[in-house]
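Structure record follows, encoded as structure tokens.
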Amino acid sequence: MSLVKTRFAPSPTGYLHIGGARTALFAWLYAKSQEGECLLRIEDTDKERSKDEYTREIIESFKWLGVEFDNKVVYQSNNADRYKEVIDQLLELGSAYVCNGEDPETDKEYRDQNLPRDNKTVVRFKMPEEGTTVYADIVKGQIEVANEQLDDFIIERSDGSATYNLCVVVDDIDSNISHVIRGDDHVNNTFKQINVFKALNKNVPIYGHVPMILGEDGKRLSKRHGALGVREYADLGILPEALKNYLLRLGWSLGDDEIFTGDDMKKNFQSGILNKSPATFSMDKLLWFNKYYLDQMSIDQLMKVVALKDFDGGEYSKTVLETIRDRCSTLNEFSTNSDYFFKDPKDYDPSLLTKHCKEHTFNHLSLLKEQLEALEIWEQAHIKEVIDRVVSDLGIGFGKIGLPLRLALTATVNSPSIDLVCDILGKEITSRRLESFLIKIKNLKTDQ
RNA sequence: GGCCCGUUCGUCUAGUGGUUAGGACAUCUGGUUUUCAUCCAGGCAACAGGAGUUCGAUUCUCCUACGGGCUACCA
């Protein structure tokens, strides 16, 4: 049985965006699910637009995602001589010809003229003029086009460099690529490439063209169209396994299943179905996956991925993590939602202050503070008792005092149970924050 | 314009020549909750349109509409 070998071939003219990442994921899974190999090939023949920093970024992004390519990274810029060799060969075979690089129709007159090559001429590939070019696409099914639709495309520029459609074929031959899994923006190139393989008398690989991803506005997702780089999702606090799972489900499915871990993917990829139509990206669903994977983690695992200096692995930080994890669906939210457990609030939102601090709030809170400070055993249940007692003694609703208390301690009105927060914070800190909050709202009152 | 490809709830999708067309996200309504979130229960919601083929089409064929791609000495 021959080895399944695929490749992902980005051009380093920008960061790796999620569309590319998904295409790569499919190419990689296709190979990995059959114990094959997948190569990374950097198509950097466009010297103007290619940048090393993008190459590094792309490699980093895959590392983060957990897509591991086999063998060494191939750089097309290293293969110029080889391309030249193949172009010469094509010329010798009579499958290509030198011409002036005008439009394809007028250039066609040079098909059999054997024009000398110089620094003004280009080389075109001789496309068959009759019949059709057909191939069976793994995802799209049989696709065919009449050869008369196909132009004699340029394979060598006037500066002597080879163009994309030639390089791809040469590299795919040289790396023994068995299956070309790529974006469906390449279907039309496929007809050109197939004919080059044939002219060279080489086996044509099997093709599979995966549909593009559309942005949330339904337009194509691209580097210039708000596509977010893989890196940016990482910065947003998305877990790599969540992004991977989401990207997989965008266009691929296996019955009603949603969750696929790395191993599940490899195991089941072949039995699933790849859709033919483009899919629209949904941040909401990505976040749902993210939350799911976050929920699966133990506290110790969470501690590692959250990776904030406050979460040092100590008992206190474990408790904090445990109490806030439900309200976090990205890594970044662990930071914003835990802030007040580590630092006294500095500023309060003025609109929250005016909303929750009314005429009697100062007195109510002062009373509560006294009662809390008198508490012997600082535990959630006892704290709750005190709050309940004050509420009923005062004959007010819980919100009248609970919300200001929450604001005082956390500077927000969304937090875990306030008695729990008091418990975790400890008596001293609770009392301290209450004290400075009281001063603040006292002044607030005199200002008015 | 030419060529290629596509079209099931708002979104990702399952599925079949005869189904109450299934699931997930979002949304809505309840429940839990001292707030927010989580969680639980339930609801709304789709076969693009038109012709055929057929006893019967969401499913097969054709046309139209719409969407996407390609049409470079970019990749």
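Just so you know, these numbers come straight off a predicted model, no measurement behind them. Reminder, nothing fancy here: chain letters follow the sequence lines and each chain counts from 1.
The side chain of A/Asn275 contributes an N or O atom lying less than 4.0 Å from OP1 or OP2 of B/A14. Within the structure, a side-chain polar atom (N or O) of A/Thr280 is placed less than 4.0 Å from OP1 or OP2 of B/C12. The phosphate of B/A75 (OP1 or OP2) has no side-chain N or O of A/Thr13 nearer than 4.0 angstrom. In this structure, A/Thr45 reaches the B/A75 phosphate: one of its side-chain N or O atoms is under 4.0 Å from OP1 or OP2.
Distance OH (A/Tyr164) to P (B/C70): 11 Å, rounded to an integer number of Å. Between A/Leu254 atom CG and B/U13 atom C1' the separation is 12 Å, expressed in whole Å. Between A/Glu48 atom CD and B/A72 atom C1' the separation is 14 Å, expressed in whole Å. Computed from coordinates, the A/Asn188 CG to B/A72 P distance equals 11 Å when rounded to whole Å. Distance, A/Leu214 CG to B/U7 C1': 12 Å, rounded to whole Å. Atoms CG (A/Leu394) and C1' (B/U34) sit 15 Å apart, rounded to a whole Å. Between the CZ atom of A/Phe281 and the P atom of B/A26 there is a distance of 14 Å, rounded to whole Å. Counting to the nearest Å, the C1' atom of B/G6 and the CG atom of A/Asp185 are 15 Å from each other.
B/C66 and B/U27: their P atoms are spaced 32 Å apart (whole Å). A distance of about 14 Å separates the P atoms of B/G52 and B/U59, rounded to the whole Å. Atom name C1', nucleotides B/C36 and B/A14: the rounded distance is 35 Å, in whole Å. Here, B/U19 and B/C12 have their P atoms 27 Å apart, quoted to the whole Å. Taking the C1' atoms as reference points, B/G67 lies 11 Å from B/A48, given to the whole Å. Atom P of B/U20 sits at a distance of 15 Å from the matching atom of B/U58, rounded to the whole Å. Going from the P atom of B/G18 to that of B/C3 covers 36 Å, rounded to whole Å. With C1' as the reference atom, B/G1 and B/G43 are 49 Å apart, rounded to whole Å.
With hydrogens and angles ignored, no donor-acceptor pair closer than 3.5 Å exists between the side chain of A/Ser282 and the base of B/C12. A donor and an acceptor atom sit less than 3.5 Å apart, one in the side chain of A/Lys285 and one in the base of B/A24. Contact of A/Asp256 with B/G22 (side chain to base): a donor-acceptor pair of N or O atoms is detected under 3.5 Å. Between the base of B/A75 and the side chain of A/Asn189 there is a donor-acceptor pair shorter than 3.5 Å.
Distance check, rounded to the nearest 0.5 Å: CZ of A/Arg124 to CG of A/Leu90 gives 14.5 Å. Of the inter-residue distances, the one linking A/Tyr246 atom OH with A/Leu250 atom CG reads 4.5 Å to the nearest 0.5 angstrom.
Residue A/Arg124 has its side chain nearest to B/C73 when only B/U38, B/C73, B/U7 are considered. Set against B/C25, B/U13, B/U38, the side chain of A/Asp284 has B/C25 as its closest nucleotide. The side chain of A/Arg49 has B/A75 as its nearest neighbour among B/U7, B/A75, B/U34. In the set B/A75, B/U35, B/C4, B/U35 carries the atom at the smallest distance from any side-chain atom of A/Arg406. Considering only the side chain of A/Lys140, B/C5 comes nearest among B/U13, B/C5, B/G2. For A/Asn414, counting side-chain heavy atoms from C-beta on, the closest listed nucleotide (B/C36, B/G2, B/A75) is B/C36. In the set B/U34, B/C36, B/G68, B/G68 carries the atom at the smallest distance from any side-chain atom of A/Met212. The side chain of A/Arg249 has B/G23 as its nearest neighbour among B/C5, B/G23, B/C36. Picking from B/U34, B/U35, B/A75 the nucleotide with the shortest atom distance to the side chain of A/Ile418 gives B/U34. When distances are taken from the side chain of A/Asp326 to each of B/U38, B/A75, B/U34, the shortest belongs to B/U38.
B/A72 is unpaired under the criterion used here, namely a Watson-Crick or G-U wobble arrangement in which both key atom distances are under 3.5 Å. Of all nucleotides present, none satisfies the Watson-Crick or G-U wobble test against B/U54 with each distance under 3.5 Å. Look at B/C39: its Watson-Crick or wobble partner, with both distances under 3.5 angstrom, is B/G31. In a base pair of the Watson-Crick type (N1 to N3 plus N6-O4 or O6-N4) or a G-U wobble (N1-O2 and O6-N3), with each distance short of 3.5 Å, B/C25 is matched with B/G10.
In this structure, A/Thr23 and A/Gly183 approach most closely via the heavy-atom pair CG2-N, 3.6 Å. Closest approach of A/Cys167 to A/Thr45, counting heavy atoms only: SG-CG2, 4.1 Å. Shortest non-hydrogen contact noted between A/Asp423 and A/Gln380 is OD2-N, 3.1 Å.
Here A/Asn337 lies out of heavy-atom contact (under 4.0 Å) with every strand.
Put simply, the residue from A/Asp174, A/Asp172, A/Asp171 that forms a salt bridge (Lys or Arg N to Asp or Glu O under 4.0 Å) with A/Arg7 is A/Asp172. Under the side chain to side chain contact (heavy atoms under 4.5 Å, CB included) test applied with A/Phe398, the options A/Leu405, A/Val391, A/Leu403 reduce to a single match, A/Val391.
RNA chain B is contacted by both A/Lys276 and A/Glu258; A/Lys276 maps to the nucleotide lying nearer its 5′ end (nearest heavy atom per residue). Nearest-nucleotide positions on RNA chain B place A/Glu144 closer to the 5' end than the other of A/Pro416 and A/Glu144.
Proximity of a side-chain donor or acceptor of A/Asp151 to a complementary backbone N or O of A/Phe153 within less than 3.5 Å is not detected.
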